[in-house]
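Please read the structure below before turning to the comments.
Just so it is clear: chains get the letters A, B, ... in the order the sequence lines come, proteins before strands, and each one is counted from 1.
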2 protein chains.
Amino acid sequence: MKNRLKELRESLGLTQEHLGELVGVSRQAINAIETEKFEPSIWLAYDICKVFNSSIEEVFLFEESERKSRAQQSKGVG
Amino acid sequence: MKNRLKELRESLGLTQEHLGELVGVSRQAINAIETEKFEPSIWLAYDICKVFNSSIEEVFLFEESERKSRAQQSKGVG
DNA sequence: CCTCTGTGTCAAGTTAACCTTACATAATCC
DNA sequence: GGATTATGTAAGGTTAACTTGACACAGAGG
């Protein structure tokens, strides 16, 4: 999924490894998310967006992203 | 993780099964999230919050929840 | 040249989010 | 009493998020 991780991380002068330490995952996990190898869990997404004082939707760009698997899009209600 | 799923779902007059169809997962998956058996994936959280015209943070209550596993809390930066 | 840092990627293992199938319960309706 | 609907739960399987360890490469500096 597209995201602003690299941009926001560099704006704080953080390395992938440092960001990983801040949110409690390995540097490979941060790298894989930045390079769109896999999607973060919801808690990891939350922890990351907190580091950047942002909301999940501000950091992870759902609208602009294709989903890899799982079913149809949300159909809404109203 | 604590969430307002049941409350919001019932306010729309949806069953667990119907909500599951709307977002493309089984009714058991919806039930498991409502009863806090497991956490949704980030895409499922997004699809669900879209049904309720809300943000992820409005539907899933991170601040009030304990995390089950994975590492330390976010430490922030600034 | 060698070393150190930061990044990208691969392999193999663990864990948890999802699946289907199935059974139990309570409410409703015929 | 029997059928239907909505919910809760459990077993067993698949998949992907994450781990550690390792290797490659570019840039900076001794």
Side-chain angles (χ1 to χ4, degrees), chain A residues 1-52 56-57 59-62 65-75 77, chain B residues 1-52 56-57 59-62 65-75 77:
Chain A
M1 164 170 41
K2 291 183 182 173
N3 63 77
R4 305 205 299 135
L5 216 55
K6 183 183 177 74
E7 164 196 351
L8 293 166
R9 176 176 59 79
E10 291 181 343
S11 77
L12 290 183
L14 296 174
T15 66
Q16 292 178 345
E17 181 156 27
H18 192 182
L19 178 57
E21 288 169 9
L22 286 177
V23 300
V25 299
S26 66
R27 75 170 185 89
Q28 286 88 341
I30 300 295
N31 183 282
I33 294 168
E34 281 192 10
T35 55
E36 302 181 26
K37 296 292 183 303
F38 60 69
E39 331 274 351
S41 71
I42 194 166
W43 275 110
L44 179 51
Y46 177 72
D47 285 341
I48 288 172
C49 84
K50 281 295 147 191
V51 170
F52 300 131
I56 292 180
E57 290 89 345
V59 177
F60 298 97
L61 309 175
F62 298 94
S65 304
E66 298 170 13
R67 60 193 61 202
K68 294 181 179 175
S69 51
R70 233 205 68 245
Q72 64 268 34
Q73 312 272 349
S74 172
K75 298 168 186 168
V77 160
Chain B
M1 164 171 39
K2 292 184 182 175
N3 62 77
R4 305 203 299 135
L5 216 56
K6 183 183 178 74
E7 164 197 351
L8 292 167
R9 176 177 61 78
E10 291 180 343
S11 77
L12 290 182
L14 296 174
T15 66
Q16 292 178 346
E17 182 155 27
H18 192 182
L19 178 57
E21 289 170 8
L22 285 177
V23 299
V25 300
S26 68
R27 76 170 184 87
Q28 287 86 345
I30 300 295
N31 184 283
I33 294 168
E34 282 192 10
T35 55
E36 301 180 29
K37 295 293 184 303
F38 61 68
E39 329 274 353
S41 71
I42 193 167
W43 275 110
L44 179 51
Y46 177 72
D47 286 341
I48 289 172
C49 83
K50 281 295 146 187
V51 170
F52 300 131
I56 292 180
E57 290 89 346
V59 177
F60 298 95
L61 309 176
F62 298 93
S65 304
E66 299 170 15
R67 58 193 64 204
K68 294 180 179 176
S69 47
R70 234 208 64 246
Q72 65 267 36
Q73 313 270 347
S74 173
K75 298 168 187 167
V77 161

### Message
Rounding to an integer number of Å, can you tell me how far A/Ile42 CD1 sits from C/dA16 C1'?
### Response
14 Å
### A/Ser26 side chain, from C-beta outward: closest of C/dC18, D/dC18, D/dT19
D/dT19
### Query
How many Å lie between CD on A/Glu36 and C1' on D/dA17, as a whole number?
16 Å
### Task
Please check if the side chain of A/Arg27 supplies one atom and the backbone of A/Gly20 the other of a donor-acceptor pair under 3.5 Å.
no
### Query
Separation of A/Phe38 atom CZ from C/dC18 atom C1', in whole Å?
18 Å
### Query
Near A/Glu66 CD, under 6.0 Å, is it more than 12 heavy atoms from other residues, nucleotides or ligands?
no
## Note on the structure
Interatomic distance, CD@B/Glu39 vs CE@B/Met1, rounded to 0.5 Å, equals 4.5 Å
### Query
B/Asp47 side chain to B/Gly24 main-chain N or O, any donor-acceptor pair under 3.5 Å?
no
### Query
Distance from A/Asn31 atom CG to A/Leu5 atom CG, nearest 0.5 Å?
10.0 Å
## Note on the structure
Atom CG of A/Leu19 and atom P of C/dG8 are separated, to the nearest Å, by 13 Å
### Message
Output one letter per nucleotide in nucleotides 6-13 of chain D: B when a protein non-hydrogen atom lies under 4.0 Å from the base, S when only the sugar-phosphate is that close, - when neither is.
### Response
SBBBB---
#### Entry: Five-pair end axes of the helix from C/dC1-D/dG30 to C/dC30-D/dG1 and the angle they enclose, rounded to 10°
20°
### Query
What is the distance, rounded to the nearest whole Å, between atom CG of B/Leu44 and atom P of C/dA16?
18 Å
### Query
Separation of A/Trp43 atom CH2 from C/dA17 atom P, in whole Å?
12 Å
### Task
Would you give the length of the straight line joining atom CD1 of B/Ile42 to atom CZ of A/Phe38, rounded to the nearest 0.5 angstrom?
12.0 Å
### Task
Answer yes or no: is there a side-chain heavy-atom contact under 4.5 Å between B/Leu8 and B/Ile48?
no
### Query
Counting distance only, does the side-chain N/O of B/Glu57 pair as donor-acceptor with the main-chain N or O of A/Ile56 below 3.5 Å?
yes
### Query
Does C/dA17 have OP1 or OP2 sitting under 4.0 Å from an N or O in the side chain of A/Ser41?
no
### Task
Could you tell me which residues satisfy salt bridge (charged side-chain N to carboxylate O under 4.0 Å, His left out) with A/Glu7, sequence neighbours excluded, listed by chain and number?
A/Arg4
### Query
Can you check the A/Ile33 CD1 to D/dA16 P distance for me, whole Å?
16 Å
